[in-house]
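To start, the structure under review is shown below, and the notes come after it.
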Amino acid sequence: MPLVIHNTLTRRKEEFQPLSPGRVSLYVCGPTVYDLPHLGNARPPVVFDVLVRLLQRDHEVTYVRNITDVDDKINAAARERGIPIRVLTEETERYYLDDMAALNVRPPHLAPRVTDHIADIIRLINRLVSTGHAYEVDGHVLFEVSTFAAYGALSGRSIDEMIAGARVEVAPYKRAPQDFVLWKPSDDDTPGWDSPWGRGRPGWHIECSAMIDHHLGSTIDIHGGGADLQFPHHENEVAQSSCANHGHPLARYWMHNGMLKVNGEKMSKSLGNFFTVRDVLAKAPAEAVRLLLLSAHYRMELDFSDDGLAQAKQALDRWYRALDQAGAPAAGAPDPSVVAALEDDLNTPEALARLHALAGEVYTAPDDASRQAAAARLRASAALLGLLEGDPAHWLRGGEDAGLAAEVEAAIAARMAARKARNFAEADRIRTDLAARGILLEDGAGGTTWRKA
RNA sequence: GGCCGGGUGGCAGAGUGGUCAUGCAGGGGACUGCAAAUCCCCGUACAGCGGUUCGAUUCCGCUCUCGGCCUCCA
């Protein structure tokens, strides 16, 4: 089955064909590092991590996710905290990478920083100025939107509509209200770099165009990001890059993930209704958080709730228990049904339903051999989603607390003896005591096993 | 106001022009000394109103409603 992707450019599903067979270039907009990432910020990395895992089965993937470390919000945050900008951005980048690692997001192949690409940005702007797509006014360089006929194609809006919207910033130096900044002057207290237009810093959108151009070339296969970036960010990227590259399209497939919501509203810094990834990791296992983020289709909105988190944990309990019962998992191949679900525009809910079916096969297997085969398929299938890669015993019984394990085993033995003697009051007392400490016993055909609640 | 995307059983959440999602919760049963786990069975769900059709939750139109973007945003 071929991979099918919903392309924002055409608003329909299309069969994915990379520009060069067997090779895929992917760019996803990364974080602006001024504050701890919230759960909504984690959705694109998790979603596109699954895409990369899927693509890597038969493609050589080059995945770039930038770090934006030049931005006015960064400047403001650093000023507020009274720390150097560099300290803030490095600290925040560290937090971001740690949080993503906790969510089992594999690092991208390249994670370029804007500060390392100022020269590329200046060169790109120069190309736009010299070809008449950008103009300089008082140290500002602006992109002249009217020079790009296809402007609005990605986000599906016309310039007329946007002007009618009248919320576009109308700065006196702009030739037209929809023109946007490529370069702006910096005062002495603001980070800046020397340029043909004086000391200044890049505008918001140009960085991505410059880094894509530098690392991946003029046309990439897939560009991803949050739906809220579709306009103006991605629209402006398209305009800049196309105009700087003789009309070559920036990306052939655009993918946008839906917003994470809290109580029906978009989770966002400005609304203040956000949970940082750290907040959430404090109350649920990281893998449950990852599962929750994959429990709705990536293009749909996803309402975050503690109940959803609890359900995700329950599902993992069931799956890990299946793996645990099957013994040491052998290497396996993913189940075709899971692959097919993911190849259908990353239908993770369907894939998760298949995982439940595979777990059922483990539980109903007639013999050890078929049970292990089913478990191997479950594990390999889940790995495409970045799930069930941990040790089942660790998930169910916790870390290497040998003392606890020995103690529980001793209690289980004592209970077994009481049961043999038909002293059920004593047996139940032992079980109840353990339950009070969060240890649950499960009597199976092969003896009694235990797990943490 | 303009543009875009949703409204599916108690909840979460896929999908389809004509017997099935799936998970959680709930009910019944099996197993068990009892639990837990697991297995089996169980729900006239597709916002409303029209239309197309032999047949629509699925296609079309309208209405209501929720959210996103249009300003920083993943």
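By convention in this document, chain letters (A, B, ...) are assigned in the order of the sequence lines, proteins followed by strands, and residues within each chain are numbered from 1.
Both tests hold for K283(A) against F275(A): distance to the six-membered ring centre under 6.0 Å, angle to the ring axis within 45°. Annotation: cation-pi geometry satisfied between K269(A) and Y34(A) (NZ/CZ under 6.0 angstrom from ring centroid, within 45° of ring axis).
I118(A) places a side-chain heavy atom less than 4.5 Å from the side chain of P202(A). Between D345(A) and Y298(A), the closest side-chain pair of non-hydrogen atoms falls below 4.5 Å. Residues F304(A) and R43(A) have side chains not in contact (no heavy-atom distance under 4.5 Å, counting atoms from C-beta outward). Taking 4.5 Å as the limit, every side-chain heavy atom of P37(A) sits out of range of all side-chain heavy atoms of R278(A). Using a 4.5 Å cut-off on side-chain heavy atoms (C-beta onward), Y253(A) and L9(A) make no contact. Residues E207(A) and T115(A) are not in side-chain contact: their nearest non-hydrogen atoms beyond the backbone lie 4.5 Å or more apart. F16(A) places none of its side-chain heavy atoms less than 4.5 Å from the side chain of P2(A).
Taking atom CD on E350(A) and atom C1' on U22(B), their separation rounds to 8 Å, with Å as the unit. One can place NE2 of H234(A) at 15 Å from C1' of G68(B), the figure rounded to the nearest angstrom. The CD atom of E442(A) sits 15 Å away from the C1' atom of C39(B) (whole-angstrom rounding). Straight-line distance from the NZ atom of K266(A) to the P atom of U71(B): 13 Å, rounded to whole Å. Counting to the nearest Å, the C1' atom of G10(B) and the CD atom of Q311(A) are 12 Å from each other. In this structure, CD1 of I439(A) is placed 16 Å from C1' of A35(B), rounded to the nearest angstrom. Rounded to whole angstrom, the span from the CZ atom of F231(A) across to the C1' atom of G5(B) amounts to 17 Å. D317(A) places its CG atom 16 Å from the P atom of G23(B), with the value rounded to the nearest Å.
Proximity of the aromatic rings of H215(A) and H117(A) is defined here by a centroid distance below 6.0 angstrom, and this criterion is met. Here W254(A) and H234(A) bring their ring centres to under 6.0 angstrom of each other.
With RNA chain B read from its 5' end, the first of the two nearest nucleotides for L302(A) and Q325(A) is the one closest to L302(A). In this structure, S268(A) and E265(A) both approach RNA chain B, and ranking their closest nucleotides by distance from the 5' end singles out E265(A).
Separation of atoms CG (L355(A)) and CG (L388(A)) is listed at 6.0 Å; rounding is to 0.5 Å. Atom-to-atom distance recorded for L55(A):CG and E343(A):CD is 9.5 Å, nearest 0.5 angstrom. In this structure, CG in L346(A) is found 5.5 Å from CG in L51(A), a value given to the nearest 0.5 Å.
A heavy atom closer than 4.0 Å to some atom of RNA chain B occurs in N257(A), G258(A), M259(A), L260(A), K261(A), G264(A), these being the qualifying members of residues 251-264 of chain A. Listed in residue order, the members of residues 284-301 of chain A having a heavy atom less than 4.0 Å from RNA chain B are S295(A), A296(A), H297(A), M300(A), E301(A). RNA chain B lies under 4.0 Å from at least one heavy atom of each of the following residues of residues 29-53 of chain A: H38(A), G40(A), N41(A), P44(A).
With sequence neighbours excluded, no residue forms a side chain to side chain donor-acceptor pair (under 3.5 Å) with Q314(A).
Put simply, the side chain of D428(A) and the base of G33(B) share a donor and an acceptor less than 3.5 Å apart. For C34(B), the base has a donor-acceptor partner in the side chain of R431(A) [N/O atoms by modelled type, under 3.5 angstrom].
Residue L441(A) is classed as a base contact, given a heavy-atom separation below 4.0 Å to a base. Counting any heavy atom pair closer than 4.0 Å across all strands shown, R65(A) reaches no nucleic acid atom. D71(A) comes within contact range of no nucleotide atom at all, as no heavy-atom separation falls under 4.0 Å. Using a 4.0 Å heavy-atom cutoff across all strands shown, F424(A) reaches at least one base atom of the nucleic acid.
An OP1 or OP2 oxygen of G15(B) is reached within less than 4.0 angstrom by no side-chain nitrogen or oxygen of R354(A). Residue Q230(A) has no polar side-chain atom (N or O) positioned under 4.0 Å from OP1 or OP2 of A74(B).
The side chain of R422(A) lies closest to G33(B) when the candidates are G2(B), A14(B), G33(B). The nucleotide whose nearest atom lies closest to any side-chain atom of A353(A) is, among A36(B), G15(B), A21(B), A21(B).
To the nearest whole angstrom, the two C1' atoms, one in C72(B) and one in A45(B), are 40 Å apart. G27(B) and G10(B) have their P atoms separated by 16 Å, given to the nearest Å. Taking atom C1' in both G26(B) and A12(B), the straight-line distance is 15 Å, to the nearest Å. U57(B) and G9(B) are spaced 12 Å apart, taking the C1' atom of each and rounding to whole Å. Comparing C11(B) with C46(B), their C1' atoms sit 16 Å apart, to the nearest whole Å. Annotation: G61(B) and C3(B) have their P atoms spaced 14 Å apart (nearest Å). Comparing C66(B) with U8(B), their P atoms are spaced 14 Å from each other, to the whole Å. Taking atom P in both C41(B) and C59(B), the straight-line distance is 31 Å, to the nearest Å.
Under a cut-off of 6.0 angstrom, the local environment of OH in Y363(A) is crowded, with over 12 non-hydrogen atoms contributed by other residues, nucleotides or ligands.
Under a 3.5 Å cut-off, the side chain of R290(A) and the backbone N or O of L103(A) do form a donor-acceptor pair. Listed for the D213(A) side chain is no donor-acceptor partner under 3.5 Å among the backbone atoms of S241(A).
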Going through the checks in order, is the side-chain contact (heavy atoms from CB on, under 4.5 Å) test met by R299(A) and N257(A)? CA-CA 5 Å; R299(A) 277 190 282 115; N257(A) 62 274; over 6 Å; no

Just the table, please: protein N/O against nucleotides 27-32 of chain B N/O, every pair under 3.5 Å.
none

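With a cut-off of 3.5 Å on both pairing distances, the Watson-Crick and G-U wobble pairs of RNA chain B assemble into stems of 3 or more at B:1-7 with B:64-70, B:10-12 with B:22-24, B:26-30 with B:38-42, B:47-51 with B:59-63.
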